[in-house]
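Notes to accompany the following structure.
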Amino acid sequence: MRRISLRPSRVGVVVLCALAFFAGCVALTAWQEPMPLQRVFIMVLMLCTCGVLVLAFGRLASGVLVGAGLFLLLKAVAVLKVRYLDSQLMPSDFVYYVRSSLLDTLSHYPHLYAVGIALLLLLPPVLYLVWRWDWHLLAALRATRAMWVRAGGIALCGLGFWLCMLPTGPFARAHSRNAWEKMSDDAQLTNFFVNLRDADVQLPAMASDEVAERDWGATAAGTPGSRLPPYPDIVQVLEESTFDPSNYTRCNVPQCRVAMFQPDARTRGHGVLRVHTFGGGTWVSEFAALTGMPQDIFGAGGMYAPYVLAPNVRDALALQLRRLGYLTIGVYPTGASFINGSNAYRAYGFDHLYGADELGLDEWEESDAQMFAAAKRIYDQIRKPGQPVFIMILTLNQHGPHDHQPMDKLAPPYRNLLRGLVPGMALNFDTYLSRLHDSDVAMRGLEHAFLDRPQPTVLVHFGDHQPSFNGGIRNFDRRTPAAMKPYRDYLTYYMVKSNFAGPPLPAYPVLDIAFLPSMVLQAAGVPRDAYFTAATALRTRCNGLYDDCAIPGLLPSYHAWTIKRLHVYQ
């Protein structure tokens, strides 16, 4: 009589272990997403991926182990990046970050080397044993039939993955979130996959080389400076979520008219600034104000400028100033690596970006006065005799939300200022005005520190976008001229001052933020290279507009000149 063995076979053990590993990976990856829909989204992607690999390998456990392991590895990398670099894992990291700064990062965290070496030593033998003892699928079928079954299954699983990745597909709600949510919330794997499509970069339309030469050839020699060395210091401040509230019809109290928006004897240029984001996305305003290019000319991927655009920039404001001998530094209210800040600023031409930890500040909590005091302290430490300094300061005082504290927490002069608004909107606006008062006082202190002195200095400050007020600000009536109404939700302000005499800067009904670098160089009187000379010419010919330049065909020829000929973006 044949004896029945109750001892499990090697194949059975390997398959059971692989399925247990898959379940563990689901728990550590998909089930860590905050929303039920996001969990199902990631789990379906895992199933489709494992299905493709199982059929491609012809082995069950090997396909499951590799497929689920890839998702577990992706989750581990995402967690490590948030922990050590304070920013989300992006698809572009595997193109730009690994190439540009992986070794530099590992040098700061030596224990990660040990983890990497351990994986390299342990994984090959484990994979070999699983492969050797695995269950061979479709072994009983003839080779031709097995090939068709495998090809059909792979196609079916691939189709399922593709449908999940469609923004209008079965997981449309997982895809339909704004850029800030996709870069900052806790849905790490969902954000990674939905950003795969959004990260696509497209170059703008370009004219022929002959047309570009005809339109812009005269700018190739650049523009000499109007001042002799040593050049003036330049202090530039990006005032996050800041705009002039006096334009709103309901804002009719004295607190709505603030000195930082008003010209004085030192003003060289000021006016309405057109930006390319609303309610968030400060990083794209940084990109435009530093490179002279609005992010939206590069398609949907432009919204992720610090990741996908910055590594390809070959000319920018700080790069030009550094070529002229400037020391270029940035001062940040968050960790320097937040949203790829350190890498992006390095690409923009900065010698160093000082984050909140280096400044001794509590990130996200700094007032403008604290940021300006820290910037002046850093300036005093790094300045050298005869070397001009360009310093870029990012503030966070006006970052939303503006309704997270009750009205009675505001200073008495800023409680219930605006009448006729629903309570929620009244709290948003009153909080904004209270913070604006603090920014105004701090700006006067910054002017005193840098303009009330003999050292020639240009001071620039501008708003990067309007705050959302939970979407309610769009419904507020405002005094917007008819020509500006198409941009009304994208209008802030800019102010350029200097403590030395110079001609006033050109005035425009609306100035695109992409032209701010050329205005700064013009105010400082420093030489402009071929790129910024062309940018100045475009600003003049298009009367301050960029995307909406009224001259047909001029933008394609400009992009052909600056991108194809001058290689400002490669």
Side-chain angles (χ1 to χ4, degrees), residues 202-223 268-278 284-285 287-299 302 305 309 313 315-317 320 460 462-465 480-496 503-523 528-566 568-569:
Q202 300 171 349
L203 291 178
M206 300 185 200
S208 67
D209 294 342
E210 293 76 17
V211 171
E213 177 70 33
R214 180 199 67 197
D215 289 344
W216 306 100
T219 66
T223 305
R268 300 279 299 281
H270 73 101
V272 178
L273 190 69
R274 185 263 207 260
V275 297
H276 297 260
T277 184
F278 170 80
V284 299
S285 292
F287 176 80
L290 292 172
T291 68
M293 296 178 281
Q295 93 286 347
D296 51 17
I297 66 173
F298 296 100
L309 299 183
V313 169
D315 204 352
L317 176 61
Q320 168 65 2
V460 184
F462 62 97
D464 75 310
H465 61 73
T480 305
M484 297 185 191
K485 285 185 177 178
Y487 320 108
R488 62 174 237 158
D489 292 327
Y490 300 90
L491 301 179
T492 62
Y493 83 100
Y494 72 96
M495 179 69 68
V496 182
L505 294 172
Y508 305 98
V510 178
L511 178 70
D512 195 288
I513 190 173
F515 293 128
L516 198 56
S518 64
M519 294 280 277
V520 172
L521 294 172
Q522 189 172 346
R528 281 164 279 168
D529 64 3
Y531 170 49
F532 285 110
T533 299
T536 303
L538 180 69
R539 165 168 44 98
T540 302
R541 297 171 71 177
C542 296
N543 199 30
L545 297 179
Y546 193 111
D547 291 31
D548 303 297
C549 179
I551 303 176
L554 194 60
L555 269 184
S557 73
Y558 175 75
H559 292 144
W561 178 258
T562 56
I563 295 176
K564 286 174 62 178
R565 178 69 173 270
L566 301 180
V568 300
Y569 181 89

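Just so it is clear, the structure is predicted and the values come from calculations on it, not from any experiment.
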| query | Could you go step by step and tell me if L203 and F298 meet the side chain to side chain contact (heavy atoms under 4.5 Å, CB included) rule? | reply | CA-CA 5 Å; L203 291 178; F298 296 100; 4.1 Å; yes
| query | Should T536 and T223 be marked as a side chain to side chain contact (heavy atoms under 4.5 Å, CB included) after you check the CA-CA gap, both sets of side-chain angles, and the distance that decides it? | reply | CA-CA 10 Å; T536 303; T223 305; over 6 Å; no
| task | Could you check L538 against W216 for side chain to side chain contact (heavy atoms under 4.5 Å, CB included), going step by step and ending with a plain yes or no? | result | CA-CA 9 Å; L538 180 69; W216 306 100; 3.9 Å; yes
| task | Might you work through the side chain to side chain contact (heavy atoms under 4.5 Å, CB included) test for L555 and Y546, ending with a clear yes or no? | result | CA-CA 8 Å; L555 269 184; Y546 193 111; 3.7 Å; yes
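A ring-centre distance under 6.0 Å is not found for Y508 and F515.
Side-chain contact between P506 and T540 is absent, with no heavy-atom pair separated by less than 4.5 Å. At a threshold of 4.5 Å between non-hydrogen side-chain atoms, the residues P556 and V211 do not count as touching. The side-chain heavy atoms of V275 and F462, taken from C-beta on, include no pair separated by under 4.5 Å. Contact check for Y531 versus Q320: no side-chain heavy atoms found under the 4.5 Å cut-off. Using a 4.5 Å heavy-atom cutoff, the side chains of H270 and Y493 are not in contact.
Judged by distance alone, with hydrogens and angles left aside, the side-chain atoms of Q522 form no donor-acceptor pair with the main-chain N or O of L505 at under 3.5 Å.
Applying the salt bridge (charged side-chain N to carboxylate O under 4.0 Å, His left out) criterion to D209, with sequence neighbours excluded, gives K564. R539 is linked by a salt bridge (charged side-chain N to carboxylate O under 4.0 Å, His left out) to nothing, counting only residues two or more places apart in sequence or in another chain. A search for salt bridge (charged side-chain N to carboxylate O under 4.0 Å, His left out) contacts involving D512 returns R274, not counting sequence neighbours. The side-chain contact (heavy atoms from CB on, under 4.5 Å) test applied to E213 returns W561, R565, not counting sequence neighbours. Residues satisfying the side-chain contact (heavy atoms from CB on, under 4.5 Å) criterion with A530, sequence neighbours excluded, are L566. Taking the salt bridge (charged side-chain N to carboxylate O under 4.0 Å, His left out) definition, one finds that D489 meets it with R474, R478, sequence neighbours left out.
Across all non-hydrogen atoms, the minimal contact from C549 to L545 is N-CB, 4.3 Å.
In this structure, CZ on F278 lies 12.5 Å from OG1 on T492, to the nearest 0.5 angstrom.
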